[in-house]
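Each chain gets a letter, A, B and so on, in the order the sequences are listed, and its residues count up from 1. Below, all heavy atoms of this structure are taken into account, side chains as well, without hydrogens, waters or symmetry copies.
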Number of protein chains: 2
Amino acid sequence: MRVLIVEDEKGILNFLKDGLQEENFAVDAAQDGNEGLELALTNDYDIVLLDWMVPGVSGIEICRQIRKQDISVPIIFLTAKDTVKDAVFGLEAGANDYIRKPFEFEELLARIRVQLRENGSEHARLEVGSIHLNLDTHQVFKGETEIKLTQKEFALLEFLIRNKDKVCSRTRIIEHVWDIHFDSDTSVIDVYINFLRKKLDTGDGKNHIGTIRGVGYIAREE
Amino acid sequence: MRVLIVEDEKGILNFLKDGLQEENFAVDAAQDGNEGLELALTNDYDIVLLDWMVPGVSGIEICRQIRKQDISVPIIFLTAKDTVKDAVFGLEAGANDYIRKPFEFEELLARIRVQLRENGSEHARLEVGSIHLNLDTHQVFKGETEIKLTQKEFALLEFLIRNKDKVCSRTRIIEHVWDIHFDSDTSVIDVYINFLRKKLDTGDGKNHIGTIRGVGYIAREE
DNA sequence: TTCATTTTTAAGCGAATTTTAAGAATCCGC
DNA sequence: GCGGATTCTTAAAATTCGCTTAAAAATGAA
């Protein structure tokens, strides 16, 4: 994943640079608007982080120019604490999200991930324990042997594994896997969890899909 | 954590309600502006979600009234897809953030968490002494070892820790954790405090949950 | 259309959670 | 130290929630 950071405060810039490099991003950085715009237009980034206030071409202008060139790279604005209104203008200018300073690196990362996910890239190996799935071929393997899953079973498993070690609430599951965004009183999830557990059963009673009562389910190594 | 939702579409309302309850929020809901305003002014919420377009008093008016009464609760607007400009008015009226419909529950939750964090408690990490909790995974740790808590136990602990070093009255606890808003003669709280103390016992007799006789309980480093 | 497969609904069971209740222990003012 | 009030502890009752199963409904291929 390749990222461009446009930010004039050297401290923040290095902080972001180091942090993102640790997360395996390839980082390009610019400390002023002209350089930033130049880079943004001549390279192919997976994500762009733009500070609002940089010397030279302003952040919002960079954003406009990028969109003007029909480049659809996700853009996240870094705005000063009390300029929420500016952030709105940023979104109008074509940004995908904004985050207010000071922010936690963790949160920035989360928002970057959201953008990358929506943008369809991000290739991590999807696996938990001896089970792994291949998105390209839509196959699931337990060790070497293939396991046949139906579409819904696959989708559910994919979602759980993408969120490995995080609890997936019923609400999130029904939203992401069934695409239901309103009140629904159903027990499909239970049934499908049951299907998956049976099919993925490693024989030794171990189970990679845990239940968090009252909340939802979680995929974990265990 | 206690939340007020003002939203007239029943489907969305229930969807939000269920989702937030899964995340341990005590949810109050209003389907029109008048009721929403009434609730907002007479109760003590941790966060308010306002739909822009509701019958009766408009969302923005509710927002103004809340600020007029010097109530500093974080407010997040839920706006229709293409009314970005309205969002600016909302923010000017005193809202803290906004989110465009349709949104993913996940994103809303992220924004709520940002607001809860920024509003005072400032503890990016919810912890007291050697005990810390992870909202993503719904896990509680005492040092390195995980402690299994039930939903109510978790919700109570979360509330106490968010209010670390502040006394939480029984009334506030029963309202924010159990969502009971009338005089009730129950001893659930005592029982659950007892559960928590047992489970969190650090062995050396130290206890992070103190009793303030005649008032309530408090989480502190000690 | 028919048949097989996938997806959803529904209901009973059982275990885990939550609540109630009541006696024991503790605290605090007198 | 006494007595009333408050909190703690325990056990049992009530309830909720997830698991499982079976069958109905929907989908789609032959």
Side-chain angles (χ1 to χ4, degrees), chain A residues 138 140 147-160 167-180 182-201 205 207-219, chain B residues 17-19 21-27 138 140 147-160 167-201 205-219:
Chain A
H138 250 249
V140 180
I147 300 187
K148 294 281 181 198
L149 293 189
T150 70
Q151 247 185 314
K152 273 276 144 62
E153 289 167 349
F154 189 91
L156 175 56
L157 181 60
E158 181 189 338
F159 182 72
L160 289 175
V167 173
C168 302
S169 71
R170 282 158 182 281
T171 302
R172 291 218 274 245
I173 292 174
I174 209 79
E175 208 179 13
H176 284 262
V177 180
W178 274 266
D179 204 20
I180 295 174
F182 43 85
D183 180 41
S184 82
D185 172 30
T186 172
S187 57
V188 246
I189 298 176
D190 307 52
V191 176
Y192 270 85
I193 289 287
N194 192 238
F195 288 164
L196 279 182
R197 281 177 175 160
K198 274 182 186 162
K199 288 195 178 180
L200 302 179
D201 188 15
N207 213 324
H208 292 298
I209 303 178
T211 303
I212 308 295
R213 198 161 220 269
V215 187
Y217 298 91
I218 185 171
Chain B
K17 205 170 168 179
D18 289 350
Q21 277 169 351
E22 279 171 357
E23 300 290 337
N24 291 329
F25 286 87
V27 182
H138 265 255
V140 180
I147 300 187
K148 296 277 181 201
L149 293 189
T150 70
Q151 231 188 336
K152 273 275 144 61
E153 289 167 351
F154 191 93
L156 175 57
L157 181 60
E158 181 189 339
F159 184 74
L160 289 174
V167 176
C168 301
S169 72
R170 280 157 182 284
T171 307
R172 256 170 68 74
I173 292 174
I174 207 79
E175 278 188 0
H176 287 252
V177 180
W178 271 266
D179 205 17
I180 295 174
H181 309 298
F182 42 85
D183 183 40
S184 80
D185 172 29
T186 172
S187 57
V188 247
I189 297 177
D190 306 53
V191 175
Y192 269 85
I193 290 287
N194 191 239
F195 287 165
L196 279 182
R197 282 177 175 158
K198 273 182 187 162
K199 287 194 178 180
L200 301 180
D201 188 16
K206 276 190 192 174
N207 213 324
H208 291 298
I209 303 178
T211 304
I212 308 296
R213 199 157 223 274
V215 188
Y217 299 91
I218 185 172

Contacts of A:Gly214 and B:Lys198 projected onto DNA chain D by closest heavy atom; the upstream (5') one is B:Lys198
If you only use heavy atoms from C-beta on, which nucleotide in D:dT9, C:dT7, C:dT8 is closest to the side chain of A:Gln151? C:dT7
Okay, side chain of B:Glu22, backbone of A:Ser169: is any donor-acceptor separation there less than 3.5 Å? no
Please determine if a side-chain N or O atom of B:Thr150 lies less than 4.0 Å away from the OP1 or OP2 oxygen of C:dT18. yes
Going by heavy atoms in the side chains, are B:Phe154 and B:Ile147 under 4.5 Å from each other? no
A:Asp185 atom CG is separated from C:dT8 atom P, nearest whole Å, by 14 Å
Hey, are the side chains of A:Tyr217 and A:Asp190 touching, using non-hydrogen atoms and a 4.5 Å cut-off? yes
Rounding to an integer number of Å, can you tell me how far A:Glu153 CD sits from C:dT6 P? 8 Å
Test side chain to side chain contact (heavy atoms under 4.5 Å, CB included) on B:Leu160 and B:His208; report intermediate values, then the result. CA-CA 10 Å; B:Leu160 289 174; B:His208 291 298; over 6 Å; no
Applying a 4.0 Å non-hydrogen cut-off, can you work out what B:Tyr217 is touching in the nucleic acid: base, sugar-phosphate, or nothing? sugar-phosphate
Length of the CG-P vector between A:Leu149 and C:dT5, whole Å: 16 Å
Side-chain contact check for A:Arg213: nearest option of C:dT18, D:dT7, D:dT16 is D:dT16
A:Ile193 has an atom CD1; how far is it from atom P of C:dT7, in whole Å? 14 Å
D:dT20 OP1/OP2 closer than 4.0 Å to side-chain N/O of A:Asn194: yes
Not counting sequence neighbours, which residues clear side chain to side chain contact (heavy atoms under 4.5 Å, CB included) with B:Glu175? List them please. B:Arg2, B:Thr171, B:His181
Classify B:Ser187 by what it touches in the nucleic acid, base, sugar-phosphate, or nothing, heavy-atom distance under 4.0 Å. base
Please step through side chain to side chain contact (heavy atoms under 4.5 Å, CB included) for the pair B:Asp18 and B:Val27, ending with a clear verdict. CA-CA 9 Å; B:Asp18 289 350; B:Val27 182; over 6 Å; no
Rounded to whole Å, how long is the line connecting atom OH of B:Tyr192 with atom C1' of D:dC8? 16 Å
For B:Trp178 and C:dT19, is the shortest distance between a side-chain N/O and OP1 or OP2 below 4.0 Å? yes
Any non-hydrogen side-chain atom of B:Leu157 less than 4.5 Å from a side-chain atom of B:Leu200? yes
Whole angstrom value for the distance that separates P of C:dT17 from CD of B:Glu22: 17 Å
Could you give the NZ-to-C1' distance, from A:Lys148 to C:dA4, as a whole number of Å? 16 Å
Please pick, from D:dC8, C:dT7, D:dG18, the nucleotide with the shortest atom-to-atom distance to any side-chain atom of B:Arg197. D:dC8
Within the structure, does a side-chain N or O atom of A:Thr186 lie under 4.0 Å from either OP1 or OP2 of C:dT9? yes
Examine D:dC17: is either OP1 or OP2 under 4.0 Å from a nitrogen or oxygen in the side chain of A:Arg170? Give yes or no. no
Does any part of the side chain of A:Arg213, heavy atoms only, come nearer than 4.5 Å to the side chain of B:Thr150, both counted from C-beta? no
Length of the line joining B:Ile209:CD1 and D:dT7:C1', which is rounded to integer Å: 14 Å
Based on the rotation axes of five pairs at each end, what angle does the helix from C:dT1-D:dA30 to C:dC30-D:dG1 bend through, to 10°? 40°
